[in-house]
Amino acid sequence: MRRFLATTIGCKVNQYDTEAAAGYLESLGLRRIQPDSPPADGPPELVVINTCCVTAAAAAKGRRAIRRAVRRHPDARVLILGCAATNEPESLRRLALEAGAAGVHVA
């Protein structure tokens, strides 16, 4: 079964949006795993990062989360969501690709 990992940066709206995206992915047959899942579960094929740009600190935290996700899961595709993704889609796409992402979609 295909697996995904989801990370939320920001407000309660982002938390809701992440859960909605996770529900959709689960309806497609993907299984959500947690960051601390045992290695036997296998790595995620998709990493979802819901970003925020309300503060400079939140935007920086989102960029760090993208780089960390790519470093930890180099074979996973990356889906970047949230207001930072809306505000600076090409910058975040380039950041993920330069970090070595297998594939990136910014929505």
Side-chain angles (χ1 to χ4, degrees):
M1 175 180 283
R2 300 190 79 173
R3 294 162 304 280
F4 73 96
L5 179 67
T7 300
T8 304
I9 309 297
C11 65
K12 295 212 181 283
V13 172
N14 273 15
Q15 292 171 5
Y16 175 83
D17 290 345
T18 299
E19 292 309 311
Y24 178 71
L25 292 170
E26 288 169 338
S27 77
L28 296 175
L30 281 79
R31 184 171 59 94
R32 186 175 189 173
I33 62 172
Q34 299 303 316
D36 56 354
S37 292
D41 284 348
E45 285 87 9
L46 175 66
V47 177
V48 179
I49 304 167
N50 196 349
T51 61
C52 178
C53 68
V54 173
T55 67
K61 189 174 180 181
R63 289 189 298 274
R64 280 193 306 274
I66 292 167
R67 285 190 296 270
R68 184 178 327 112
V70 171
R71 191 172 50 251
R72 290 182 180 168
H73 310 289
D75 296 328
R77 297 185 59 79
V78 178
L79 173 60
I80 305 171
L81 308 171
C83 59
T86 301
N87 195 41
E88 52 178 317
E90 289 308 313
S91 173
L92 295 179
R93 180 188 328 275
R94 189 172 42 254
L95 171 74
L97 290 172
E98 288 172 357
V104 180
H105 183 75
V106 180

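Here the shortest heavy-atom pairing between I49 and A65 reads CD1-O, 3.7 Å. When all heavy atoms of V47 and A69 are compared, the closest pair comes out as CG1-CB, 3.7 Å. For the residue pair A101 and V70, the shortest heavy atom distance occurs at N-CG1, 3.4 Å. When every heavy atom of A59 is checked against every heavy atom of C53, the shortest pair comes out as CB-CA, 4.3 Å. The minimum heavy-atom distance between A6 and R32, with the atom names listed, is CB-NH2, 3.7 Å.
A donor-acceptor contact closer than 3.5 angstrom links the side chains of N50 and T18.
Annotation: the span from H73 atom NE2 to L5 atom CG amounts to 5.0 Å, rounded to 0.5 Å. Taking NZ of K61 as the reference point, atom OG1 of T51 lies at 12.5 Å (rounded to 0.5 Å).
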(Q) Does L79 form a side chain to side chain contact (heavy atoms under 4.5 Å, CB included) with R77? I'd like the steps, not just the answer. (A) CA-CA 7 Å; L79 173 60; R77 297 185 59 79; over 6 Å; no
Q: Before giving the answer on side chain to side chain contact (heavy atoms under 4.5 Å, CB included), spell out for F4 and R31 the whole-Å C-alpha distance, their side-chain angles and the decisive distance to 0.1 Å.
A: CA-CA 6 Å; F4 73 96; R31 184 171 59 94; 6.0 Å; no
Q: Would you check, one step at a time, whether the test side chain to side chain contact (heavy atoms under 4.5 Å, CB included) holds for R63 with L95?
A: CA-CA 8 Å; R63 289 189 298 274; L95 171 74; 3.8 Å; yes
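At a threshold of 4.5 Å between side-chain heavy atoms, the hydrophobic network of Ile, Leu, Val, Met, Phe, Trp and Tyr places L46 and V78 in two separate groups. No continuous path of ILVMFWY side-chain contacts below 4.5 Å connects V48 to I80, so the two sit in separate hydrophobic clusters. A continuous path of hydrophobic side-chain contacts links L81 to L25 [ILVMFWY only; heavy atoms under 4.5 Å].
Take C52 and apply the side-chain contact (heavy atoms from CB on, under 4.5 Å) test, not counting sequence neighbours, and it matches I9, N14, V54, A58, C83. With sequence neighbours excluded, the residues that form a side-chain contact (heavy atoms from CB on, under 4.5 Å) with S27 are Y24.
Residue pairs satisfying the salt bridge (Lys or Arg N to Asp or Glu O under 4.0 Å) criterion with at least one member in residues 81-107, sequence neighbours excluded, are listed as follows: E90-R93.
Between the side chain of E45 and the backbone N or O of R3, at least one donor-acceptor pair lies under 3.5 Å.
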